[in-house]
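Remember, predicted model here, so these are calculated numbers, not experimental data.
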Amino acid sequence: MSLEIYCPLDYTMNLIGTKWKPIVLFHLLEGPLRSGILQKKVPGISNKMFTQTVRELEKDGLVIREVFPVVPPKVEYALSERGKSLKSILLSLDSWGANDASNC
């Protein structure tokens with residue numbers, strides 16, 4: 001995949017344009033969530049896909065992963081400042097979906 005960016009929308013969709021990323025980001029708008037709780041909020045996502053999704057979001061600087069040194073291990077995810085900047089976009093997508101679904 002070329003690193004050349006053709007337009008701003010192309011850039012944005014490369015960051016958040018998968019099936020699961022916007023949903024994970026949306027649920028993190030509520031605040032930091034433990035890994036298991038976050039995964040339960042995303043119905044239908046497999047363990048493998050959840051792990052891959054949050055790793056990509058972390059790599060792209062949208063999510064912060066914090067591991068607590070306790071037994072059993074506790075992992076928590078939160079939006080970074082960059083991730084928080086997507087709030088209006090995520091809320092707009094949610095609102096559009098709610099309005100469109102009610103018209104079906």
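- Counting side-chain heavy-atom gaps under 4.5 Å among Ile, Leu, Val, Met, Phe, Trp and Tyr, the cluster of Val70 also holds Phe68.
- Within 6.0 Å of the CZ atom in Arg82, the count of heavy atoms belonging to other residues, nucleotides or ligands exceeds 12.
- In terms of the side-chain contact (heavy atoms from CB on, under 4.5 Å) criterion, residue partners of Ser46 (sequence neighbours excluded) are, by chain and number, Lys48, Met49.
- Cluster membership check: Ile16 shares its hydrophobic cluster with Leu33, using side-chain heavy-atom separations under 4.5 Å among Ile, Leu, Val, Met, Phe, Trp and Tyr.
- Phe26 and Ile37 end up in the same hydrophobic cluster when Ile, Leu, Val, Met, Phe, Trp and Tyr side chains are linked at under 4.5 Å.
- Scanning all heavy atoms of the two residues, the minimum distance from Pro22 to Leu90 falls at O-CD2, 3.8 Å.
- Asn14 approaches Lys21 most closely through the heavy-atom pair O-NZ, 4.1 Å.
- Pairing each heavy atom of Phe50 with each of Ser35, the nearest pair is CE2-OG, 3.4 Å.
- Of the inter-residue distances, the one linking Lys40 atom NZ with Ile45 atom CD1 reads 14.5 Å to the nearest 0.5 angstrom.
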Show me the donor-acceptor pairs, under 3.5 Å and distance only, between side chains in residues 71-78 and residues at least two apart or in other chains.
unit_1 : atom_1 : unit_2 : atom_2 : d
Tyr77  : OH     : Arg65  : NE     : 3.3

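- Contact check for Glu58 versus Ile64: no side-chain heavy atoms found under the 4.5 Å cut-off.
- Put simply, CH2 on Trp20 and CD on Gln39 are 10.0 Å apart, with the number rounded to the nearest 0.5 Å.
- With rounding to the nearest 0.5 Å, the separation of CG in Leu29 from NZ in Lys84 is 10.0 Å.
- Summarising the geometry, atom CG belonging to Leu15 is positioned 5.0 Å from atom CG belonging to Asp60; distances are rounded to the nearest 0.5 Å.
- In the hydrophobic cluster analysis, where Ile, Leu, Val, Met, Phe, Trp and Tyr join through side-chain heavy atoms closer than 4.5 angstrom, Tyr11 is grouped together with Ile89.
- Taking all atoms of both residues into account, the shortest heavy-atom contact from Ser80 to Val63 is OG-N, 4.0 Å.
- Side chain of His27 to main chain of Lys41: a donor-acceptor pair is present (N/O by atom type, distance under 3.5 Å, no hydrogens or angles).
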Exercise for review: Dump the intermediate steps for side-chain contact (heavy atoms from CB on, under 4.5 Å) on Leu62 and Leu25, then the final yes or no.
Suggested key: CA-CA 8 Å; Leu62 299 173; Leu25 291 167; 4.2 Å; yes

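- Residue Thr12 holds its OG1 atom at 8.0 Å from CG of Leu86, rounded to the nearest 0.5 Å.
- Cluster membership for Val24 and Leu91, using ILVMFWY side-chain heavy atoms within less than 4.5 angstrom, is shared.
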